[in-house]
Protein chains: 2
Amino acid sequence: MGKKTTIYDIAKRLNTTASTVSRALNNSPKISKKTKDLVLETANKMNYQQNKLALALKSGKSNNVGVIVPRIDSNFFASIIKGIEENLYAHGYRVIICQTQNNQNIEVEIINTLLKAQVDGILMSISSINLDTKNSFNRILQKQIPLIFFDRKANIKDVSSVTINDFEAGYMATKHLINQGCKKIAHLSGNILLDIFNNRFLGYKKALEEEGIEFNKAYVLKIRSTVKDGQNAAKQLLKLRNPPNGIFSSSDYAALGAIQEIKANGIKIPGDIKVVGFANEPFTKFMELSISTIDQSPVEMGKIAANVFLQQSNNSENTKIEKNVVLAPKLIIRKSSLKHPNE
Amino acid sequence: MGKKTTIYDIAKRLNTTASTVSRALNNSPKISKKTKDLVLETANKMNYQQNKLALALKSGKSNNVGVIVPRIDSNFFASIIKGIEENLYAHGYRVIICQTQNNQNIEVEIINTLLKAQVDGILMSISSINLDTKNSFNRILQKQIPLIFFDRKANIKDVSSVTINDFEAGYMATKHLINQGCKKIAHLSGNILLDIFNNRFLGYKKALEEEGIEFNKAYVLKIRSTVKDGQNAAKQLLKLRNPPNGIFSSSDYAALGAIQEIKANGIKIPGDIKVVGFANEPFTKFMELSISTIDQSPVEMGKIAANVFLQQSNNSENTKIEKNVVLAPKLIIRKSSLKHPNE
DNA sequence: ATTTATCTTGCAAACATTTTTAAAACCTAT
DNA sequence: ATAGGTTTTAAAAATGTTTGCAAGATAAAT
């Protein structure tokens, strides 16, 4: 009873061959209605389930898609995955999740593993960009497997991507702070080697420039996306002879840490210092002092990334057509950055 | 150049056969060092990558494990998946993610799909329990595929599970409220057909009983895990002739909604009403009025569920040995439930 | 030099499908 | 009744591996 029933089993019972059964199950026009019904009935009776593995081997399509993210337990990435999964499931694809933990060795290894598993496509948010990873990307492309970047992209020819306009986001956030009366604006930045962080930084700079505010190198600190790093950054900023009165953080978590630290020093938010974060993590909305932030529409981003994949894998011609979708960021204004929070 | 190289290609180039190449690559002792080196070298040169699909078909092991959750974009489930993924990846398994969206039809369909995909195991948190799903579970068991429940389990013979002690959690939370001076304690409950919610409810009742507090049916409301439902529930509770002064919510989101609603009515938390939530979602910690809650150690839960799977799939004997791991919940006391929040 | 033992390799089957090609079976019209 | 055509089924090849069995080659021992 533990054995799986195959089309051979069905064939044997009906005194026919596997090919007939296969065609009958696939509703081929070459099979008479009578045998079709018979096959279908016995298949049901025998509890037959198609073995997708065999089909995959035969057809060369596994119907599996690999999704690679730095980590899954952040609302941002979880939401993207939600979008991808929902869209691809409806098209018969299964989604294989892998986390790099921001480790480039793991990243390269994961790509290899997915290739061996014969995935039909790879959707990923890169953790690092260097010679090894670039090599991996090329191996994917050589095998003609669709590769799509989301959020954190590398600039590689023929590779599509779905991102938000991070430059615009940085610009909007900074401009908003200026509009609320800030003249001395700090920026908590991520690793500038990644496009997303670099672009946010450039947007920040542009906004300052436009308003004739001089760029102050001491106001820009590199942080990881943690509460702790935000606290440390705030400490450092408050120690300055001329501390900022506005902070644009590339991370909601760091923004939170900064806010906690600043408050602990008896300094008022948004009164004395105004803060804008990034990513619209759920907690930013729920806090008493709700945090202004940038929304990146992660679920939509995931859905679009999935769509781009579907397009590319349908049109084998299109595999080489690069398509770069850039979503508009949304500035979400909450209390942490308002000049007059009670109005 | 787009063609994949197979062991046949390597064999042809070396004027030998596929079997030799296979053995060489697998470091079989039956192959001389000389040819091994030769094969390995040319395999590298030709950019060979093993086709896991073929191997899977041959061996009957796909090295894929299906993970089914109601949704992925909640910190709780994302964290569990993180634990599962990290543990299983290290053992050569890939994790296929599926969401049921709490829909039982989808749930049944997903199980079917995973079975066809020949997964080596299914780890799931059930969405619903009824005849159809039970049928699906039986089909999994019939195929001798390890099935492990986490958090939301069904009581099925021979099926292992990893849960927390929800009874204890409900008891702890309620007892804590009582200790903080509450005598009139409401409970926001989920669907009581699911064990987790029923057990939390029973724990709640037990604590009341132990303290000689009479059970009041009007204090128990059924909610979904949303802010909105929490708000509505609070509205309803406040309308009572004798409103509660403590709330134990089965959901952090609902607890948040209740808190918002209560505050909006000018009622003090924790002064007038004390609140405890459930799940330790990140925001509960970050809020100005931090929310007391129950931590379920989701990452650990995922890791343990993965371990149970690994044990069962190694010992084919053990497949039928039910193992029910019950983790201890942790009551995390924060401001929302404290008699004297400033001490 | 021949047998025996040991080491190394090749052949073919197996995994569960689909698909191409070929062959029956059936029917219709002459 | 038979040629021609159409419909239906059967046989075989193909997908990329692993593996049991047999055989070939080499080395050792008589």
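Lettering of chains follows the sequences in order, A, B, ..., and the numbering in each one begins at 1. Everything numeric here is computed off the predicted structure, so don't read it as measured data.
Applying the 4.0 Å criterion to OP1 and OP2 of dG10(C), one finds that Y8(B) has every side-chain N and O outside that range. Contact between the side-chain N/O atoms of T35(A) and the OP1/OP2 oxygens of dT9(D) is found at a separation under 4.0 Å.
Between the P atom of dA14(C) and the CG atom of N51(A) lies a distance of 17 Å, rounded to the nearest Å. Taking atom CG of residue L38(B) and atom P of nucleotide dT8(C), one finds them 15 Å apart after rounding to whole Å. D9(B) places its CG atom 8 Å from the P atom of dG16(D), with the value rounded to the nearest Å.
Residue T6(B) places its side chain closer to dT17(D) than to any other of dT17(C), dT17(D), dT8(D). Proximity note for I7(A) (side chain, C-beta onward) versus dT17(C), dA16(C), dT9(C): the nearest is dT17(C). Here the nucleotide nearest the side chain of S32(B), chosen from dT15(D), dC21(D), dT8(C), is dT8(C). Listed candidates were dA16(C), dT9(D), dC11(C). Nearest to the side chain of A54(A) is dA16(C).
Across residues 10-22 of chain A, N15(A), T16(A), T17(A), S19(A), T20(A) each have a non-hydrogen atom less than 4.0 Å from an atom of DNA chain D (numbered order).
Using a 4.0 Å cut-off between charged side-chain N and carboxylate O, R13(A) and D9(A) make no salt bridge.
Nucleic acid contact class of Q118(A) (heavy atoms, under 4.0 Å, all strands): none.
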